[in-house]
Every structure is written in structure tokens, then in C-alpha cells.
Amino acid sequence: ESIVSSMRSPLVVLDARLRVKTASAAFYETFQVDPTETEGRLIYDLGNGQWNISGLRILLEELLPRSRHIDDYEVHHDFETIGARIMVLNAQRLAAAAEREPLIILAIEDVTDRARADEALRESQGRLRHAADAAGLTYVEVDFERRRMRTAENFAKVMGYASPLEDATNTAAGTALLLDHIVPLDRPRVEAALQSGVQLGKIDYRVRGDDQIERWIESVWSIENAPDGKPLRAFATNLDVTEMKRAEEHTQLLMAEVNHRAKNLLAVVQAIARQTAKEADPASFVARLSDRLDGLALDLADDRRQVV
């Protein structure tokens, strides 16, 4: 009993009739029950029936009689004193000596906080996945020592092709597959970047996916080296910047068109100025030039209206 009492985790010892023989101090503290109201009582009657749990009954009355021990049996229950909890139960039947009755040791681990933290982590990861998908962002992890490469779940969606294996692949195979999908004109730049050994870097290139769609990808990578300079691990983010590149190309086309038209307009203005200078004396030059430029402006306005 002294050993049980000193246990730091909730622990209960039951007799063959499922009545409490003794329990650890941690049990009384965690579940807010009194030793005098606990020992000798049927476990289901503890705490005004708080322990009358269907999952516990299944464990003690159905599973344990068929096995000497049950491990990691999860029970969800809303306790009157401590609220909703998630508990992991481990039960062990002790063989009875000739002069002693058989006993059952029931160890209880409250995993509520851990389960909630795990659920919060899963929800957070889910939100991050949705955000990454919406942004067209994926990643690649490389372990140089093990020569293994891992990709994110959305790798194929962003890059247009899948890595050879879902979970992990050989770095050489993964690199070869990347180069196979890179547009030939961009391949030498990517090969040079892969061989450069630069610890922090960025490069953009085009890939043609298995769907034959061409995508612009911006890769940003970092490499962790050992003290001797040998690379250990690398992490790279790949961002689909296709729409941005198309917008840049469209802007460049517009700027080229504006530049072309401006040059043409300037040439016309220069021609008008030269012709006016030949025909007018210095006193009337400004007035005549102004009239001709006004006429040019009206012609351009008429052209714009006709186009619209």
C-alpha cells in the first residue's frame, strides 16, 4: 500500500469484486475523492457514481477477464467534479497467491491537455495547408546524410508533377525528376544553382508539369552545414509565381507599346516644329506651332474615340 500511495500517477488497486483496496495520492488529488469514501467501495460507485463509465465496465468486465493485461484503453467521460476528460487506462491482473485474493491494478493517465494540444496542432496544420494551397506554396526537405528527400502534401499540385514516392525519395532521383520537368532554356541555371553550394539562395525557373502546363516557380533555399562545411540538411520553398510573371510580361508589353507610341509622337512633333520653323518668321513661330500641335491633339483624340 505504501508503494501504491507514493505513485505519482493516478493508480487504483481493486479486488476480484472490483472494490477499491487502495489508491495513490495522485488518484485522490486528480479526481477529488476522499480515501475514507473510496476504499472498500465498488469502483463504479465512487464520487456519486462518477466512475460508472461504460468504457470502464467494458475494460474490467469484458476485456480484462480474457487477458492478463490491457494497455492504452482510451475513455472519454464528463466528470462531475473535474469536467470532460480523456483518460488512457492500463489494467493488469495479478495472479493470486495461495492465501491471497487476486487483484487488479488500474493505472489512469489523464491525456486531456495533450489530446487538446494535438487537436489544436492538427487544426493549425490544416489551416497552414489551406493557406499554402491558396498561395501556391510548397516545400522540399533534404537530408544529405541519409540521402533522402521529403516533399509537402501539395507538392504535385503546385509543381505539376509528383515525387517518385509519396513520403520520401532518394535525393538523386528527386533532383533528376525536377530537372526533367524544367524547361530546357532554364535548366542550365538551375543545375548551376544546385551545384553552387550557396547556403542561402533564390532562383526562378519554368517547369512543365505532367499536365503539360508551364508554370513559373520561385525557389528559396537554405542549407545547414556541419562544422567541417559538409551539407547536412536543406529546406526549400517553391512558390508558383506564374500569374505574377504573366502580369510582369503584360506590363512590359504595355510599356514597350507606350514607349513606341511616345517615340512616334515625338518624331511627329519634331517634324511639325521643323516645318513650322521653315514657313514662319520668329515672331509668329510660337503661335503657328501651337495651332498645329492643337490640331494634332484633336486628331489623336478622334483616333482614340474611333478605337473605343
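Computed over heavy atoms, backbone and side chain alike; hydrogens, waters and symmetry mates excluded.
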*Inspect the surroundings of NZ in Lys157 and state if more than 12 heavy atoms from other residues, nucleotides or ligands are less than 6.0 Å away.*
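For Lys157, atom NZ is not crowded (no more than 12 foreign heavy atoms under 6.0 Å).
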
_Surrounding CD of Glu153 (heavy atoms of other residues, nucleotides or ligands, distance under 6.0 Å), is the total greater than 12?_
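Counting other residues, nucleotides and ligands, CD of Glu153 stays at 12 neighbours or fewer.
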
Enter the distance from [X]:[atom1] to [Y]:[atom2] here, rounded to the nearest 0.5 Å.
{"X": "Arg206", "Y": "Arg215", "atom1": "CZ", "atom2": "CZ", "value": "14.5 Å"}
{"X": "Ile104", "Y": "Arg19", "atom1": "CD1", "atom2": "CZ", "value": "13.5 Å"}
{"X": "Leu18", "Y": "Arg41", "atom1": "CG", "atom2": "CZ", "value": "14.5 Å"}
{"X": "Thr38", "Y": "Trp51", "atom1": "OG1", "atom2": "CH2", "value": "10.5 Å"}
{"X": "Leu89", "Y": "Glu74", "atom1": "CG", "atom2": "CD", "value": "9.5 Å"}
{"X": "Ile43", "Y": "Lys21", "atom1": "CD1", "atom2": "NZ", "value": "14.5 Å"}

Which heavy atom in [X] sits nearest to a heavy atom in [Y], and how many Å separate them?
{"X": "Ala84", "Y": "Asp78", "value": "N-OD1, 3.2 Å"}
{"X": "Val207", "Y": "Ile217", "value": "CG2-CG1, 3.8 Å"}
{"X": "Pro35", "Y": "Tyr28", "value": "CA-CE2, 3.6 Å"}
{"X": "Asp143", "Y": "Glu145", "value": "OD1-N, 3.1 Å"}
{"X": "Ala162", "Y": "Leu177", "value": "O-CD2, 3.2 Å"}

_The test is side-chain contact (heavy atoms from CB on, under 4.5 Å); show your working for Asp113 and Arg85 and say whether it passes._
CA-CA 9 Å; Asp113 292 341; Arg85 312 305 291 174; 4.3 Å; yes

*In sequence, state the C-alpha distance, the side-chain angles, and the governing distance for Leu59 and Val75, and then conclude on side-chain contact (heavy atoms from CB on, under 4.5 Å).*
CA-CA 10 Å; Leu59 171 66; Val75 172; over 6 Å; no

Electrostatic pair [X]:[Y] at N-O distance under 4.0 angstrom:
{"X": "Arg116", "Y": "Glu119", "result": "no"}
{"X": "Arg114", "Y": "Glu109", "result": "yes"}
{"X": "Glu249", "Y": "Arg246", "result": "no"}

*Under the side-chain hydrogen bond (donor to acceptor under 3.5 Å, both in side chains) test, which residues partner Thr242, sequence neighbours left out?*
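Scan of Thr242 (side-chain hydrogen bond (donor to acceptor under 3.5 Å, both in side chains), adjacent residues dropped) gives Asp240.
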
Please check this pair: side chain of [X] against backbone of [Y], looking for a donor-acceptor N/O pair closer than 3.5 Å.
{"X": "Arg189", "Y": "Asp204", "result": "yes"}
{"X": "Asn90", "Y": "Ala107", "result": "no"}
{"X": "Gln199", "Y": "Ile223", "result": "yes"}

*side-chain contact (heavy atoms from CB on, under 4.5 Å) between Trp221 and Ile203: does it pass, once the steps are laid out?*
CA-CA 9 Å; Trp221 74 88; Ile203 188 174; 3.8 Å; yes

Going only through I, L, V, M, F, W and Y residues with side-chain contacts under 4.5 Å, is there a path from [X] to [Y]?
{"X": "Tyr44", "Y": "Ile58", "answer": "yes"}
{"X": "Val158", "Y": "Tyr139", "answer": "no"}
{"X": "Val241", "Y": "Val220", "answer": "no"}
{"X": "Val142", "Y": "Leu137", "answer": "no"}
{"X": "Ile70", "Y": "Ile86", "answer": "no"}

_Looking only at side-chain N and O atoms, does Asn238 offer a donor or acceptor that is under 3.5 Å from a partner on Thr138?_
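The answer is no; no qualifying pair exists.
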
Mind jotting down which residue pairs meet the salt bridge (charged side-chain N to carboxylate O under 4.0 Å, His left out) criterion with at least one end in [range]? Sequence neighbours excluded, please.
{"range": "residues 42-54", "value": "none"}
{"range": "residues 218-231", "value": "Glu224-Arg233"}
{"range": "residues 191-202", "value": "none"}

Side-chain heavy-atom pair [X], [Y] within 4.5 angstrom cut-off:
{"X": "Asn52", "Y": "Arg57", "value": "yes"}
{"X": "Leu14", "Y": "Val12", "value": "yes"}
{"X": "Thr30", "Y": "Ile108", "value": "no"}
{"X": "Tyr205", "Y": "Val183", "value": "no"}
{"X": "Phe27", "Y": "Val33", "value": "yes"}
{"X": "Arg187", "Y": "Leu179", "value": "yes"}

_Partner set under side chain to side chain contact (heavy atoms under 4.5 Å, CB included) for Glu257, not counting sequence neighbours_ =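 Counting only residues at least two positions away or on another chain, Glu257 forms a side chain to side chain contact (heavy atoms under 4.5 Å, CB included) with Arg261.
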
*Among all residues two or more places apart in sequence or in another chain, which pass the side chain to side chain contact (heavy atoms under 4.5 Å, CB included) test with Ser222?*
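Ser222: side chain to side chain contact (heavy atoms under 4.5 Å, CB included) contacts with Leu200, Phe235.
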
*side-chain contact (heavy atoms from CB on, under 4.5 Å) assessment of Met87 paired with Ile53*: CA-CA 12 Å; Met87 299 176 298; Ile53 306 170; 4.2 Å; yes

*With under 30° as parallel and over 60° as perpendicular, where do the rings of His77 and Phe79 fit, or are they tilted in between?*
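His77 and Phe79: perpendicular rings.
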
*Ring centroid separation for Tyr161 and Phe155, is it under 6.0 angstrom?*
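Tyr161 vs Phe155: aromatic centres under 6.0 Å.
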
